[in-house]
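Comments concern the structure below.
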Amino acid sequence: MHKSYDPNQFESRLYQWWESAGFFRAADTSSKPAFSIALPPPNVTGVLHNGHALGTTLQDVLVRWKRMKGYNTLWMPGTDHAGIATQMVVERELAKEKKSRHELGRKAFIETIWKWKEKHGAIIVQQMRKLGASPDWERERFTMDEGLSKAVREVFVRLYEENLIYRGLRLINWCHRCQTALSDLEVVPTDKKGHFYHIQYAPGIVIATTRPETLLGDTAVAVHPEDDRYTKMVGKKVKVPLVGRLIPVIADAYVDKEFGSGALKVTPGHDFNDYEIGVRHNLATISVFDTKGKVNENGGAYLGLSVAEAREKVVADLKDQGLLIKVEEHAHSVGVCQRCERVVEPMLSHQWFMKMKPFAEKAISAVKKGESLSLQDLEKRDDAIKILPETWHATYYHWMENIRDWCVSRQLWWGHQIPAWHCKKCAHITVSRSDVTQCGQCGSSEVEQDSDVLDTWFSSGLWPFSTLGWPEKTPALKTFYPTSVMETGFDILFFWVARMIMMGLHLNDGKVPFKRVYLHAMVRDEKGQKMSKTKGNVIDPLDIIRDYGADAFRFTLTAMAGQGRDIKLSLDRIEGYKTFCNKLWNASRYVLMRLGAVQDGDVSRVEAADFATVAGVTGGKPLTDWVQESFSKMHPVNRWILSRLQHTTIAVEKGLEEYRLNDAASEIYHFVWNDYCDWYIEFSKELLASHPERVAETQICLLHVLEQTLALAHPLIPFVTEEIYSYLPLRTGVKKGDALMLKTFPTAVAALIDETALRDIAVWQEAITALRAFRGENNIPPKARPAVTFEGNEVEKGIGFIRALAQLDSLTRETGALKKNPTTGQILAKHATFFVQLEGLVDFSGELKRLEKERSQIVADIEFVQQKLSKESFTAKAPPALVQKEREKLLGYQTQLENIDLTIKKTKALIK
RNA sequence: GGGAACAUAGCUCAGCUGGGAGAGCGGCGCCCUUACAAGGCGUAGGUCACAGGUUCGAUCCCUGUUGUUCCCACCA
């Protein structure tokens with residue numbers, strides 16, 4: 001064992017061992033209870049970013065914990081084909097060679113992407129390995145592999161047959177750059193500066209618009225039905241400027257009288273609200289742009305112009321004709337393509353849609369059910385979901401209640417091609433599970449498969465069950481569905497989580513895809529800004545792992561994963577947790593040294609034969625058993641650390657159970673650093689040195705508590721704990737080559753909590769701290785070893801430990817001599833008073849200052865309590881136990897005040 | 001326009017059903033005591049954003065204000 005902690009020495013070695021030994025594998029069938037998580041499949045194009053790192057870590061913590069708890073644990077990994085994103089990446093590659101996908105043709109292009117995927121698709125899953133992730137890699141899936149594609153087709157056909165998927169001519173969002181339809185979610189509202197053009201539309205009608213070019217497709221002018229200014233004009237026809245088309249003036253309550261002139265031009269072909277108006281009033285819908293963003297034949301003189309050019313020319317022409325009244329600056333929000341950030345155009349188009357209302361109703365009720373259940377009750381059912389943090393419930397309901405049909409078709413080549421065949425003869429559409437060669441209606445063989453593919457989220461919406469073999473009733477599906485937890489970022493709550501819930505419920509007889517949803521925060525840079533390549537503030541997780549180790553990174557992410565908050569990632573914090581790993585490492589070296597495992601200054605593994613003490617004392621029993629049997633006979637210090645360990649175990653388990661992983665991290669951190677290292681190891685030095693009869697017992701406790709701590713911490717910091725574990729002595733129940741990751745997770749034992757020991761040691765600690773503070777504040781040289789006496793009965797048993805840890809020469813009961821001596825300093829601890837001969841040690845004026853500060857604190861305390869107690873309202877209305885406690889506190893303070901006044905008097909005398 | 005979250009020590013954050021505010025880092029002082037200087041010991045630092053209200057008592061519950069962030073919708 002090296003003298004210092006160096007994660008690069010062992011992380012990859014341990015990972016290879018775990019993976020090749022098959023420790024990550026889950027069993028399709030098992031007598032053990034099941035626990036399963038479906039990994040949110042990262043895009044094949046992706047490289048690991050901090051968001052992935054956070055999700056991967058949190059899931060791995062849960063998975064490793066449950067595995068150690070004895071669950072048949074499945075963490076299902078895989079990647080997503082990510083339609084648009086991947087197609088864009090490969091097209092960009094092609095562009096470098098001055099080629100386009102159209103030159104290649106569909107078949108060759110798809111082959112190119114597959115090749116690209118084979119080459120680059122494994123990058124991100126390799127990177128996850130560096131973090132220590134433990135999914136069952138042998139089950140890894142891809143959304144476009146054979147099984148999953150089959151599932152996608154099955155779902156499409158089934159929903160079509162159930163009339164839940166339909167083809168229709170609707171206004172959809174169209175991206176001119178990506179050349180495809182987009183769902184509502186893929187359109188991102190973005191603030192842009194634009195202009196407000198006021199147009200003399202017709203005599204008496206001025207219309208303000210931000211998009212003058214759309215007037216080419218206007219089919220009405222709308223006013224509010226109760227707008228007196230226009231009542232007379234309703235029903236009349238007006239001419240569209242520049243175009244000359246006659247269109248009606250209609251009345252519709254959608255129009256806001258107060259806004260602008262109160263008149264609205266209606267372009268059903270290129271605006272969603274206008275489209276609705278068009279439907280209500282039976283208006284014609286005229287598309288004036290083609291799929292590439294050029295004005296089409298409906299645009300007359302403007303044919304062939306781009307949207308921007310058309311706007312310029314329309315405005316110029318209006319100006320020429322004197323119809324442009326004014327142009328104002330106008331900031332407004334414009335829908336932009338999520339992928340390429342180009343402004344999207346509402347377009348009338350034939351697309352495939354999925355009806356959402358029936359799905360949404362069930363999806364709402366599953367979460368409603370879950371909301372009223374405790375986490376324990378939730379485990380027992382398969383029809384309810386709880387979202388945590390619960391604040392997301394409202395957002396979820398709101399979205400579900402206002403949901404619109406989902407446009408699932410995309411005009412891309414990379415993805416699941418829609419299993420629908422169009423007949424060239426009769427135009428009938430045949431939807432089928434198997435490839436179609438004959439029209440289902442007229443029998444013609446002139447059929448052609450629909451060229452569209454499905455939205456990526458359609459296939460990922462099936463992920464929790466398609467990866468388990470659905471629609472076949474496989475053993476894995478039976479064992480692991482519903483999955484236990486869905487852990488992902490809140491940014492894909494609607495894109496993905498909501499759709500999995502809808503699909504999962506419908507296609508699995510009302511069984512939810514997962515029982516809990518945990519939404520984690522967004523990882524930002526240390527200033528709270530979103531990390532992005534353009535800002536140059538990206539911290540690469542792989543760099544972090546290289547510089548600080550995967551464990552330090554994992555611990556940081558876990559410790560900062562408080563619910564609902566953004567995580568500001570700072571390297572300082574990661575470095576701090578690297579030192580924590582180092583602390584654990586060195587504490588382990590101490591333990592091993594005290595077990596006799598020292599060779600040339602390096603600690604090596606202790607073989608069973610060398611470890612005579614343990615074997616001799618325990619009689620070959622497992623440590624856990626021996627510790628329980630011997631507990632009542634142990635030294636208070638050993639009982640104390642065992643008690644603290646039980647409390648820590650309870651707290652860690654609670655944190656994991658309630659998904660307060662940051663609490664679990666903090667419990668482990670403080671137990672290791674404060675209880676174990678700062679106190680117990682120091683106490684153990686005294687035990688080993690001065691209590692020969694306690695040596696074996698203490699060695700066992702050092703080892704046992706370390707081992708249990710390693711197990712508790714393993715889900716969070718798997719590498720360093722596993723590495724240390726490999727150095728621990730072999731003994732009953734622990735063979736060479738055993739893995740910590742397969743060990744049983746500690747369970748708190750109530751019989752190992754000794755309240756008396758907890759209290760006693762707290763008294764000693766308080767005394768030691770008081771003595772140390774006295775030394776520090778009086779500048780007593782660190783090397784000085786004063787002789788000290790004490791009064792009080794509670795520290796008696798701890799004399800040796802107090803003497804050692806407070807660095808005293810001796811600590812004996814006060815006989816009266818030192819107390820009377822005028823040069824004696826008094827130290828008031830809570831449960832004892834100490835007397836120190838100060839002559840030659842202390843600067844008395846410094847001591848006086850300290851005492852007076854302490855006195856003013858006591859006086860303030862007295863005033864505070866007195867004030868509280870003087871109010872009759874308090875003594876009458878507050879709980880009697882509380883009032884009693886306050887009275888006792890007051891008495892205690894008053895005694896302290898008397899004591900300190902005496903000491904101050906004495907000290908003052910000394911200075912004179 | 002509607003909704004949500006957040007505002008606690010110089011910085012980053014805990015504070016889980018109201019009873020005298022905590023951690024890590026940073027600061028300051030002393031110490032290289034053989035597990036660890038990536039360390040030890042001690043210490044300073046906060047009218048818990050602001051204003052009201054409920055209560056014997058509010059960082060915590062309610063209302064409002066200010067500031068930051070996010071989500072939804074998009075009045076052309």
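These numbers come from a predicted model, not from an experiment. Per chain, numbering begins at 1; letters A, B, ... match sequence-line order.
- Contact between the side-chain N/O atoms of Lys783(A) and the OP1/OP2 oxygens of C31(B) is not found at any separation under 4.0 Å.
- Side-chain N/O atoms of Asp861(A) and base N/O atoms of G20(B) include a donor-acceptor pair closer than 3.5 Å.
- In this structure, Arg229(A) contributes its side chain and Ala263(A) its backbone to no donor-acceptor pair below 3.5 Å.
- Remark: C1' of C41(B) and CD of Glu766(A) are 16 Å apart, rounded to the nearest angstrom.
- Rounded to whole Å, the separation between the P atoms of U33(B) and A38(B) comes to 14 Å.
- In the set G20(B), C41(B), C16(B), C41(B) carries the atom at the smallest distance from any side-chain atom of Arg772(A).
- Both distances falling under 3.5 Å, in either a Watson-Crick or a G-U wobble arrangement, place A51(B) opposite U63(B).
- As a whole-Å value, the separation of His2(A) NE2 from C36(B) C1' is 16 Å.
- Between Tyr548(A) and Tyr577(A), the ring centre distance reaches or exceeds 6.0 Å.
- Within 3.5 Å, a donor on the side chain of Tyr893(A) pairs with an acceptor on the base of G20(B), or the reverse.
- Look at Arg775(A) and you won't find any side-chain N or O under 4.0 angstrom from OP1 or OP2 of C30(B).
- Across the strands present, A4(B) finds its partner in U69(B); the criterion is a Watson-Crick or G-U wobble pair with both atom distances under 3.5 angstrom.
- The same atom, P, is picked in C41(B) and in C32(B); the two are 16 Å apart, to the nearest Å.
- Taking atom P on both nucleotides, C74(B) is separated from U68(B) by 26 Å, rounded to a whole Å.
- Remark: G24(B) base-pairs with C11(B); criterion is Watson-Crick or G-U wobble with both hydrogen-bond distances under 3.5 Å.
- Across all strands shown, Thr769(A) has heavy atoms under 4.0 Å from sugar-phosphate atoms exclusively, and none from any base.
- Lys853(A) has a side-chain polar atom (N or O) that falls below the 4.0 Å cut-off from OP1 or OP2 of A44(B).
- No donor-acceptor pair under 3.5 Å is formed between the side chain of His270(A) and the backbone N or O of Glu345(A).
- Contact between the side-chain N/O atoms of Lys871(A) and the OP1/OP2 oxygens of U55(B) is not found at any separation under 4.0 Å.
- Look at CD on Gln866(A): it is 17 Å from P on G20(B), rounded to the nearest Å.
- Note on Cys581(A): nothing from the nucleic acid sits closer than 4.0 angstrom, heavy atoms only.
- Remark: the Lys889(A) side chain and the G20(B) base include a donor-acceptor N/O pair separated by less than 3.5 Å.
- A donor-acceptor contact shorter than 3.5 Å is absent between the side chain of Thr209(A) and the backbone of Ile207(A).
- Nucleotides G24(B) and A9(B) have their C1' atoms positioned 12 Å apart, rounded to a whole Å.
- Separating the CZ atom of Arg887(A) from the P atom of C56(B) is a distance of 18 Å, rounded to the nearest angstrom.
- Rounded to whole Å, the separation between the C1' atoms of U66(B) and C25(B) comes to 30 Å.
- G64(B) and A23(B) are spaced 33 Å apart, taking the C1' atom of each and rounding to whole Å.
- If you check every strand for non-hydrogen atoms under 4.0 Å, Ala587(A) touches a base.
- Of the listed nucleotides (G20(B), A35(B), A4(B)), A35(B) has the atom at the smallest distance from the side chain of Met593(A).
- Summarising the geometry, the separation between CG on Asn662(A) and P on U12(B) is reported as 18 Å, rounded to the nearest angstrom.
- The interatomic distance linking Asn778(A) (CG) with G29(B) (C1') rounds to 13 Å, in whole Å.
- Within the nucleic acid shown, Val266(A) has no heavy atom closer than 4.0 Å to any nucleic acid atom.
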Exercise for review: Determine, for nucleotides 66-76 of chain B in 5'-to-3' order, which nucleotides have protein heavy atoms under 4.0 Å from the base (write B), from only the sugar-phosphate (write S), or from neither (write -).
Suggested key: -----SS-BBB
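- Lys568(A) comes within contact range of the sugar-phosphate backbone alone, with a heavy-atom separation under 4.0 Å but no base atom that close.
- Note that Arg404(A) lies in the cation-pi zone of Phe272(A), set by a 6.0 Å cut-off to the ring centre and a 45° limit from the axis.
- For Trp673(A), the side-chain atoms get nearest to G40(B) when compared with the rest of G40(B), A23(B), C36(B).
- Checked for salt-bridge contact, Arg660(A) and Glu667(A) miss the test: no charged N lies under 4.0 Å from a carboxylate O.
- Residues Leu706(A) and Leu728(A) have side chains in contact (heavy-atom distance under 4.5 Å, counting atoms from C-beta outward).
- At least one side-chain heavy atom of Asn50(A) sits less than 4.5 Å from a side-chain heavy atom of Ile544(A).
- Checking side-chain atoms of Ser856(A) against main-chain N and O of Lys853(A) turns up a donor-acceptor pair under 3.5 Å.
- If you check every strand for non-hydrogen atoms under 4.0 Å, Glu682(A) touches a base.
- Going from atom CZ of Phe555(A) over to atom C1' of A23(B) covers 12 Å, rounded to whole Å.
- Here the P atom of nucleotide G19(B) and the NZ atom of Lys885(A) are 10 Å apart, to the nearest Å.
- In this structure, a donor-acceptor pair under 3.5 Å is absent between the side chains of Glu872(A) and Thr875(A).
- Summarising the base pairing, U33(B) is matched to no nucleotide, lacking a Watson-Crick or G-U wobble pair whose two defining distances lie under 3.5 Å.
- Comparing Gly776(A) and Lys685(A), the nucleotide of RNA chain B nearest to each residue sits closer to the 5' end for Lys685(A).
- Between Glu766(A) and Lys830(A) there is no salt bridge, since no side-chain N of the basic residue sits under 4.0 Å from a carboxylate O of the acidic one.
- When each of A35(B), A38(B), G19(B) is scored by its nearest atom to the side-chain atoms of Lys578(A), the top-ranked nucleotide is A38(B).
- Base pairing annotation: A58(B) forms no Watson-Crick or G-U wobble pair, as no partner gives both donor-acceptor distances under 3.5 Å.
- Which of A35(B), A38(B), C56(B) sits closest to the side chain of Tyr590(A) comes down to A35(B).
- G45(B) and C6(B) are spaced 30 Å apart, taking the P atom of each and rounding to whole Å.
- Comparing the P positions of C50(B) and G10(B) gives a spacing of 14 Å, expressed to the nearest Å.
- One finds no side-chain N or O of Ser4(A) lying less than 4.0 angstrom from the OP1 or OP2 phosphate oxygen of A38(B).
- Ile681(A) comes within contact range of at least one nucleobase, with a heavy-atom separation under 4.0 Å.
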